[in-house]
Amino acid sequence: MKKFSCIAFAGALLSAGAVATPSMAADPVYWDQPSPTFTWSGFYAGVHAGAGSSQVRWTYVPGGGTAHHGGSGAFGGIQAGYNFQEGFWVFGAEGDIAYAGINGSTACPDAAWTCQSRINWLGSARLRAGVAFDRVLLYGTGGVGFGNVRIQTNNPASGTFGQSRTQVGWTLGAGAEFAVTDAWSVKAEYVYYDLGRATYTVDNALNVSARTHVHTGKIGLNFRW
């Protein structure tokens, strides 16, 4: 009797296994397969805001008198670009433009006058290259930088005299970006601008040779598609 019971029990187990196996084959378990990784490839556009500091190398031509000085202020604007990802490497290009209010001043060689500078806007066209750690992107960037610079002198009794010019130079920087969702990302970025040298006319038809450098730090928000 016991022998018969054991044989019956074994037969029941084999029958249950035969029924369960097709069911499990029809519904495979994927728990051991990695989920797809995030990709940085595609177009994006967004906004940014930050603060900057300027260094203006101011020299009267001819004469050689100087009024070198620094400045500071805030800026904000928009950017757009494209990324291409190959493995961990991400390459791309970005353009941006921002309204700025980076101002500085110092006493002129003639102490009756104040020598002033103002950066009205900043822009750039840059390449980017970096390494992606899934949703975190670390990158370096560089390219052409440009900005509108005003150089002027002021005397309370006589008024303000100067010119605004768009200066073109180069940029170099680095940043980090984090993808909050598949569509939205936030970034923090440092960019240095060397806007080159230009000649401006100030009070009494005096000419000034001014070279402008700008250090900027900003945060941004991007939407990608």
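The figures here come from the full heavy-atom set of this structure, side chains too, leaving out hydrogens, waters and symmetry mates.
Rounded to the nearest 0.5 Å, atoms OG (Ser164) and CH2 (Trp121) are 11.0 Å apart. Taking CG of Leu195 as the start and OG1 of Thr212 as the end, the distance is 6.0 Å to the nearest 0.5 Å. Separation of atoms OH (Tyr139) and CH2 (Trp40) is listed at 9.0 Å; rounding is to 0.5 Å. Here the OG-NE2 distance, from Ser72 to His215, works out to 13.0 Å after rounding to the nearest 0.5 Å. To the nearest 0.5 angstrom, Ile78 atom CD1 is 15.5 Å from Tyr99 atom OH. Distance CG/Leu122 to CD1/Ile102: 5.0 Å, rounded to 0.5 Å.
At least one donor-acceptor pair under 3.5 Å links the side chain of Gln167 to the backbone N or O of Gly196. Panel note: side chain Glu94, backbone Gly81; no donor-acceptor pair is recorded below 3.5 Å. Gln152 places no side-chain N or O within donor-acceptor distance of the main-chain N or O of Gln116, the cut-off being under 3.5 Å. Between the Thr141 side chain and the Leu127 main chain, a donor and an acceptor come within less than 3.5 Å of each other. The main-chain N or O of Trp113 is never found under 3.5 Å from a side-chain atom of Asn155 such that the two would form a donor-acceptor pair. Between the His69 side chain and the Thr106 main chain, no donor and acceptor come within less than 3.5 Å of each other. The backbone N or O of Asp203 sits less than 3.5 Å from a side-chain atom of Thr153, completing a donor-acceptor pair. With hydrogens and angles ignored, the 3.5 Å screen pairs no side-chain donor or acceptor of Arg165 with any backbone N or O of Asn148. Panel note: side chain Ser54, backbone Gly70; no donor-acceptor pair is recorded below 3.5 Å. Within the 3.5 Å criterion, the main-chain N or O of Leu206 finds no donor-acceptor partner in the side chain of Asn204.
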### Task
Decide side-chain contact (heavy atoms from CB on, under 4.5 Å) for Ser185 and Arg224; before the verdict, give the C-alpha distance in whole Å, the side-chain angles of both, and the deciding distance to 0.1 Å.
CA-CA 8 Å; Ser185 63; Arg224 55 190 66 251; 3.0 Å; yes

### Query
Does the pair Trp58 and Ser209 meet the rule for a side-chain contact (heavy atoms from CB on, under 4.5 Å), with working shown?
CA-CA 6 Å; Trp58 174 311; Ser209 175; over 6 Å; no

### Query
When you look at Val131 and Leu137, which way does the side-chain contact (heavy atoms from CB on, under 4.5 Å) test go after all the steps?
CA-CA 6 Å; Val131 179; Leu137 173 63; 5.9 Å; no

### Message
side-chain contact (heavy atoms from CB on, under 4.5 Å) for Phe91 and Ser41? Distances and angles first, verdict last.
### Response
CA-CA 9 Å; Phe91 305 95; Ser41 294; over 6 Å; no

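Residues Ile119 and Val214 have side chains in contact (heavy-atom distance under 4.5 Å, counting atoms from C-beta outward).
In this structure, Arg197 places its CZ atom where more than 12 heavy-atom neighbours from other residues, nucleotides or ligands lie under 6.0 Å away. For Phe178, the CZ atom is densely surrounded, since the number of other residues' heavy atoms within 6.0 Å is greater than 12. Environment of CG in Leu138: crowded, with over 12 heavy atoms of neighbouring residues, nucleotides or ligands closer than 6.0 Å. When the shell of 6.0 Å around CG of Leu221 is examined, it contains more than 12 heavy atoms from other residues, nucleotides or ligands.
Placement of Trp225 and Val186 within a single hydrophobic cluster is found when ILVMFWY residues are connected by side-chain heavy-atom separations under 4.5 Å, directly or transitively.
Aromatic rings from Phe43 and Tyr82 are positioned such that their centres are separated by under 6.0 Å. Taking the six-membered ring for Trp, Trp184 and Phe223 have ring centres closer than 6.0 Å. Trp170 and Tyr192 have their aromatic ring centers within a separation under 6.0 angstrom.
Closest approach of Ala210 and Val56 over heavy atoms only: CB-CG1, 4.2 Å. Nearest heavy atom pair, residue Tyr193 against residue Gly145, reads CD2-CA, 4.1 Å.
Between Arg126 and Asp96, at least one side-chain N (NZ, or NE/NH1/NH2) sits under 4.0 Å from a carboxylate O, which counts as a salt bridge. Remark: Glu177 engages Arg128 in a salt bridge, criterion side-chain N to carboxylate O under 4.0 Å.
Between the side chains of Thr199 and Asn207, no donor-acceptor pair is found at a separation under 3.5 Å. Neither side chain, Tyr44 nor Gln79, offers a donor N or O lying under 3.5 Å from an acceptor on the other.
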